[in-house]
Structure formats: C-alpha cells, structure tokens
Student: 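What follows is a structure written as structure tokens; I'll ask about it next.
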Amino acid sequence: MTRTAVVGAGIVGLAAAHALRARGADVTLYESGPPGGGQSAGQGRIFRHAHEDPRLVALVARSRALWREWEEEFGVELISSDGAVAIGDGVEDKLRTLEPFAEVPVRRLPPEELHDRLPLLADWTGPAMLDVDGGAIRTLDAVAALTHRLEGSMLREHVLSVRRTGAREVEVRTGTTCETYDHVVLCAGRGTAPLARGAGLDLPVEVGAHLRLTFTVSSGGSASSGPASGGPGPGTGRGLPTFQDGSGAFGETGVYAAPYPDGRHYSVGLSADTPAHPDGGLADPAALAALADRTVAYVERALPGLDPRPVDHVHCWVTRLPWGDDGVGVWSEDGLTALAGHNLFKQAPALGEALAETVLTGTVPGHLHHEERLGRSAG
Ligand SMILES: Cc1cc2nc3c(=O)[nH]c(=O)nc-3n(C[C@H](O)[C@H](O)[C@H](O)COP(=O)(O)OP(=O)(O)OC[C@H]3O[C@@H](n4cnc5c(N)ncnc54)[C@H](O)[C@@H]3O)c2cc1C
C-alpha cells in the first residue's frame with residue numbers, strides 16, 4: 001500500500017486525500033488550521049464551465065460529473081440547480097468555446113428571461129448567457145462532508161519542512177512529528193510554494209489578498225421563484241443564479257457574484273486583488289478598503305435588488321500562476337507532487353482524482369503538467 005501524505009485540508013487537499021483513500025492508498029492529511037479555513041473559506045463559489053482554454057473546459061466538465069458523484073455519496077446538494085449567468089461582450093466567445101462540449105448545456109438569455117432569473121440586476125439588454133449546469137457551490141457542506149469522511153486520517157499539525165531522503169522516501173517534519181512517506185502531495189494553498197522550494201521544486205506562484213462582500217437581498221430582488229434552493233417568493237421554485245459581469249457597463253469589469261443557500265444573501269467580488277511582498281506582508285493594506293468601496297459602488301449601480309450595506313466580508317490570500325487567472329499546474333518529481341493555481345474550487349474533485357493518479361502511476365494526467373500551462377489566457 002502506498003504510504004502518502006497530503007499537506008493541506010482545503011478543498012483540493014481534501015479531494016486528493018479522498019480520491020487516494022478510495023483507490024486504496026494509506027493517507028495522512030496534515031492541516032495546521034481548521035479544514036477549509038484558507039482560500040476555501042466562506043460560503044459559496046461559482047461553478048461555471050466557460051474558460052478561455054478549452055482544455056480547462058474539459059477538466060471542469062469532468063469535475064461537474066464528479067460533483068454529482070459526491071452529492072450521491074454524501075447525500076447532500078453541493079451545486080445549486082439555478083445556473084450560472086454571465087453578461088457582457090465576452091458572452092459570444094464563451095458560447096463559441098463551449099460549443100464543442102455537447103455535455104455542457106448553455107444558451108443565450110433574452111432580456112426578459114435574464115430579468116426573471118436575476119431581478120437583482122439593473123436594466124441590461126446586451127449579451128447574456130445561462131450555463132444550465134453551473135451554479136453556486138455549497139462550499140461549507142462540501143468541506144464538512146469531506147472532513148467528516150477523512151477525520152481518522154487527519155493530523156492537526158503545521159508542516160515545517162518536506163524533503164526527499166531516498167528513493168521513494170520523503171520526510172515530513174511538523175512541530176512534534178517526523179515521518180517518512182512513499183509520496184507527499186502539497187495542496188497547502190499559500191504554503192505550497194515555500195514547502196516545495198525547500199524540497200527543490202520552484203513554483204512561480206504570485207500571492208495577493210482578495211476581498212469579497214456579502215449583501216442582503218431586498219424584497220423584490222429574489223428570483224420569480226420559490227424557496228427551494230435559495231430564493232423566496234411565489235412561483236417556480238427557482239433560486240438566484242450565480243453572476244459574472246464582464247460588460248464594464250456598471251463601472252467594473254470582471255465582477256463575480258453568488259447566492260448563499262438561504263437565498264437571502266448574495267456575495268459579490270471584483271476580479272482584483274492586491275499583491276504581497278516576498279516576505280508575505282501586504283504591499284498596500286489600504287488597498288483592501290479601496291476594493292470594498294469599489295464593490296459597494298458597483299452594487300449600488302448594477303444590483304439595485306441588494307441592500308448596499310455589506311453584512312459579511314471574506315478576506316483571503318489567493319495564489320496565481322503567471323499564465324492566467326484560471327491557470328493551474330502540477331509539479332511532480334521523485335515522490336513529491338505540488339499543485340498550484342487559482343479559481344480551483346470548482347475543479348477540486350477532478351484535481352483530487354488527477355493527484356491520486358499522479359501518486360499511483362507516477363505520471364501527471366491530462367494537461368495538468370505545469371509545462372502545459374493549463375488555463376492560459378488567450379491574450
Ligand atoms: C473570495 C474568493 C472567491 C473565490 N471564488 C471562486 C469561484 O467562484 N469559483 C472557484 O472555482 N474558485 C473560487 N475561488 C478560488 C478557490 O476558493 C480556491 O482556488 C480554492 O479554495 C483553493 O483551495 P486549496 O485547497 O488549493 O487551498 P486552501 O483552501 O488555501 O487550502 C490550503 C490548506 O493548507 C493549509 N496549510 C498551509 N500551509 C500548511 C502547512 N505548512 N502545514 C499544514 N497545513 C498547511 C492551510 O491551513 C489551508 O487549510 C475563490 C477564492 C476566494 C478567496
């Protein structure tokens with residue numbers, strides 16, 4: 001049996017440990033804080049299929065199927081059934097990229113239907129689309145279900161160092177333990193690059209701080225819909241979809257938003273973060289307050305169905321690869337594997353599967369090897 005350590009119990013490490021256990025590996029999962037307390041923190045993420053790189057669309061489509069398997073296995077809804085809406089000039093490009101994927105139902109949304117599904121939104125008659133199988137990821141439920149399943153394999157320790165000590169032998173040192181494994185997988189989010197560097201793997205990860213605010217849905221802002229998965233009101237039982245705005249019409253491009261499961265809260269973020277110094281400190285701490293002001297101003301202009309006074313904040317470090325906002329890559333050598341990227345929540349089941357395959361076969365599957373620059377931006 002392959003003795004494996006996974007470092008980090010965010011959504012990716014949890015998914016990797018789960019996939020490894022399902023394939024018969026002996027797994028120890030190291031986590032220094034609460035599982036899901038890093039970049040995976042907070043309620044709600046968007047599941048969307050549209051990505052510039054068609055190879056990433058294929059990975060995400062595989063992930064959608066695995067999310068369904070998790071829903072069956074854990075007996076809980078993990079992605080809302082209300083779809084993912086996008087507006088702006090980029091809609092036609094997205095639809096073109098998705099066209100070859102018969103398993104991904106998408107369509108244009110006429111203004112009346114857009115308003116019906118997303119009454120929060122100010123008047124918009126430009127391009128709009130619906131990703132039917134997209135939706136809001138129930139992040140807290142996903143982390144809780146996986147954590148519960150893996151509780152017996154979890155070691156609540158901070159990993160200080162990882163290094164190769166021989167053929168198929170990698171040492172992991174924590175505050176109070178020292179163990180060796182056949183294979184170690186680093187899924188430590190912001191902690192991955194420093195640990196990998198100590199073991200001779202150089203990952204070009206850029207670190208920044210990100211902000212997302214949550215707002216209350218005003219009466220009239222809910223979908224024409226019922227209470228089912230999020231969205232009070234009479235009608236069809238439909239809740240609010242997730243939302244991406246690339247239009248620039250409301251003063252920001254690259255806005256994303258997702259409903260909470262209660263249907264009464266909607267979280268909104270700008271695709272912008274503020275960089276960190278090499279020592280880990282924020283280059284400009286005031287930038288987070290400025291991002292908050294911009295987010296509130298956007299909500300006032302674009303989403304009149306929300307009360308513009310934020311009720312909740314998520315502040316979080318994010319890690320990006322230089323080849324794109326959705327870039328993801330795996331580095332793997334002699335018993336040590338490390339994964340890095342951004343916007344990974346939706347892909348977690350497929351990444352977990354791929355990391356397990358890497359450990360058990362010695363080969364990074366699909367297009368995930370970092371040299372393939374998966375998720376690269378076209379521009
Ligand atoms: C506000 C926000 C909105 C987002 N929106 C989306 C979205 O809509 N769709 C989407 O798909 N993605 C989205 N993302 C990105 C997504 O959430 C992350 O890419 C994903 O959660 C990363 O998971 P991870 O497991 O790789 O990292 P993390 O969740 O950061 O997990 C790493 C874990 O490793 C632990 N750790 C670190 N160092 C050590 C160590 N030395 N020893 C032991 N443990 C260690 C940490 O405590 C942490 O729990 C968003 C992120 C944020 C912050």
Side-chain angles (χ1 to χ4, degrees), residues 5-17 28-49 51 56 59-60 63-64 67 79 84 134-137 139 142-143 146-147 154-162 172-175 177 184-196 198 205 207-214 242-244 255-259 267-273 280 291 295 312-321 325-328 330 338-352 355 375:
V6 176
V7 182
I11 192 65
V12 177
L14 287 164
T28 303
L29 178 56
Y30 290 84
E31 172 55 58
S32 52
Q39 293 182 54
S40 306
Q43 183 61 273
R45 295 287 189 275
I46 298 179
F47 189 100
R48 63 181 156 100
H49 289 89
H51 290 85
L56 191 53
L59 183 77
V60 167
S63 205
R64 186 68 184 88
W67 278 106
I79 298 185
I137 305 174
T139 50
V143 167
L146 287 160
T147 301
M154 206 165 319
L155 203 54
R156 308 292 180 125
E157 288 273 357
H158 182 76
V159 175
L160 266 82
S161 79
V162 171
V172 176
R173 284 182 188 268
T174 72
T177 67
V184 173
V185 184
L186 301 178
C187 301
R190 193 188 181 202
T192 292
L195 287 172
V205 172
V207 177
H210 185 71
L211 161 95
R212 191 189 76 183
L213 299 178
T214 303
T242 65
F243 176 58
Q244 283 180 282
V255 179
Y256 70 90
S267 56
V268 183
L270 308 181
S271 297
D273 31 74
L291 276 177
T295 307
D312 201 3
H313 293 64
V314 172
H315 291 116
C316 204
W317 295 110
V318 292
T319 47
R320 288 176 203 276
L321 291 168
D325 262 8
D326 293 314
V328 53
V330 172
L339 175 132
H342 182 46
N343 281 331
L344 303 180
F345 214 109
K346 69 184 85 59
Q347 304 165 35
L351 294 175
L355 289 167

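Every number for a ligand or one of its atoms is a count from 1 in the order of the listing.
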Student: Closest by any non-hydrogen atom to atom 11 (O) of ligand 1: pick that one out of Q347, K346, E157.
Tutor: K346
Student: Look at atom 30 (O) of ligand 1 and say which protein heavy atom is nearest, naming residue and atom and giving the distance to 0.1 Å.
Tutor: Q39 N, 2.8 Å
Student: Of all the atoms in ligand 1, which lie at a distance below 4.0 Å from a heavy atom belonging to C316?
Tutor: 53 (C)
Student: Looking only at N/O atoms, are P34 and ligand 1 under 3.5 Å apart anywhere?
Tutor: no
Student: Taking 4.0 angstrom as the limit and counting only heavy atoms of G8, give me the atoms of ligand 1 inside it, by number and element.
Tutor: 33 (C), 34 (O), 35 (C)
Student: Are the side chain of S267 and the backbone of A258 linked by a donor-acceptor contact shorter than 3.5 Å?
Tutor: yes
Student: Between R48 and D326 (salt bridge meaning N to carboxylate O under 4.0 Å), is one present in this structure?
Tutor: yes
Student: Mind checking the CD1-CG spacing from I46 to N343? Nearest 0.5 Å is all I need.
Tutor: 8.5 Å
Student: Below 4.0 angstrom from a heavy atom of L195, which ligand 1 atoms are there? Numbered from 1 as shown, please.
Tutor: 41 (N)
Student: Give me the residue, atom name and distance of the protein heavy atom closest to atom 31 (O) of ligand 1.
Tutor: G10 CA, 3.3 Å
Student: Return a yes/no value for S32: is any of its N or O atoms, backbone included, closer than 3.5 angstrom to an N or O of ligand 1?
Tutor: yes
Student: Does R45 reach the side chain of I11, with side-chain heavy atoms less than 4.5 Å apart?
Tutor: no
Student: So is C187 in contact with ligand 1, going by heavy-atom distances below 4.0 Å?
Tutor: yes
Student: How many angstroms lie between atom OG1 of T295 and atom CG of L213, to the nearest 0.5 angstrom?
Tutor: 5.0 Å
Student: How far is atom 3 (C) of ligand 1 from its nearest protein heavy atom, and which residue and atom name does that atom have?
Tutor: Y256 OH, 3.3 Å
Student: Given L344, V159, I46, I137, which has its nearest heavy atom closest to atom 42 (N) of ligand 1?
Tutor: V159
Student: Rounded to the nearest 0.5 Å, what separates atom OG1 in T319 from atom NE2 in H210?
Tutor: 12.0 Å
Student: Atom OG1 in T174, atom NE2 in H158: separation rounded to 0.5 Å?
Tutor: 9.5 Å
Student: Would you compute the distance between atom CG of L291 and atom CZ of R212 and round it to the nearest 0.5 angstrom?
Tutor: 14.0 Å
Student: For atom 35 (C) of ligand 1, what's the nearest protein heavy-atom neighbour? Residue, atom name and distance, please.
Tutor: E31 OE1, 3.2 Å
Student: Can you tell me which residue and heavy atom of the protein come closest to atom 5 (N) of ligand 1, and the distance to 0.1 Å?
Tutor: R45 CD, 3.1 Å
Student: Checking S63 side chain against K346 main chain: does a donor-acceptor pair fall under 3.5 Å?
Tutor: yes
Student: Quick test of your reading of the structure: of A188, A41, A257, P35, whose heavy atom lies closest to atom 32 (C) of ligand 1?
Tutor: A188
Student: Can you confirm, on distance only, whether ligand 1 has an N/O atom lying under 3.5 Å from any N/O atom belonging to N343?
Tutor: yes
Student: Donor-acceptor check, side chain of E31 to backbone of A9, threshold 3.5 angstrom: yes or no?
Tutor: yes
Student: Below 4.0 Å, non-hydrogen atoms only: which portion of L160 touches ligand 1? Side chain, backbone, both or neither.
Tutor: neither
Student: Heavy atoms, side chains only, cut-off 4.5 Å: are L211 and V314 in contact?
Tutor: no
Student: Which atoms of ligand 1 sit under 4.0 Å from any heavy atom of G38?
Tutor: 29 (O), 30 (O), 49 (O)
Student: Once you round to the nearest 0.5 Å, how far does SG of C316 lie from CD of Q39?
Tutor: 5.5 Å
Student: Can you check which of G44, G37, G42, G189 brings a heavy atom nearest to atom 27 (O) of ligand 1?
Tutor: G189
Student: Among all protein heavy atoms, pick out the one at the shortest distance from atom 24 (P) of ligand 1; state its residue, atom name and that distance to 0.1 Å.
Tutor: V12 CG2, 3.8 Å
Student: Going by the closest heavy atom to atom 20 (C) of ligand 1, which one wins out of S40, A84, A15?
Tutor: S40
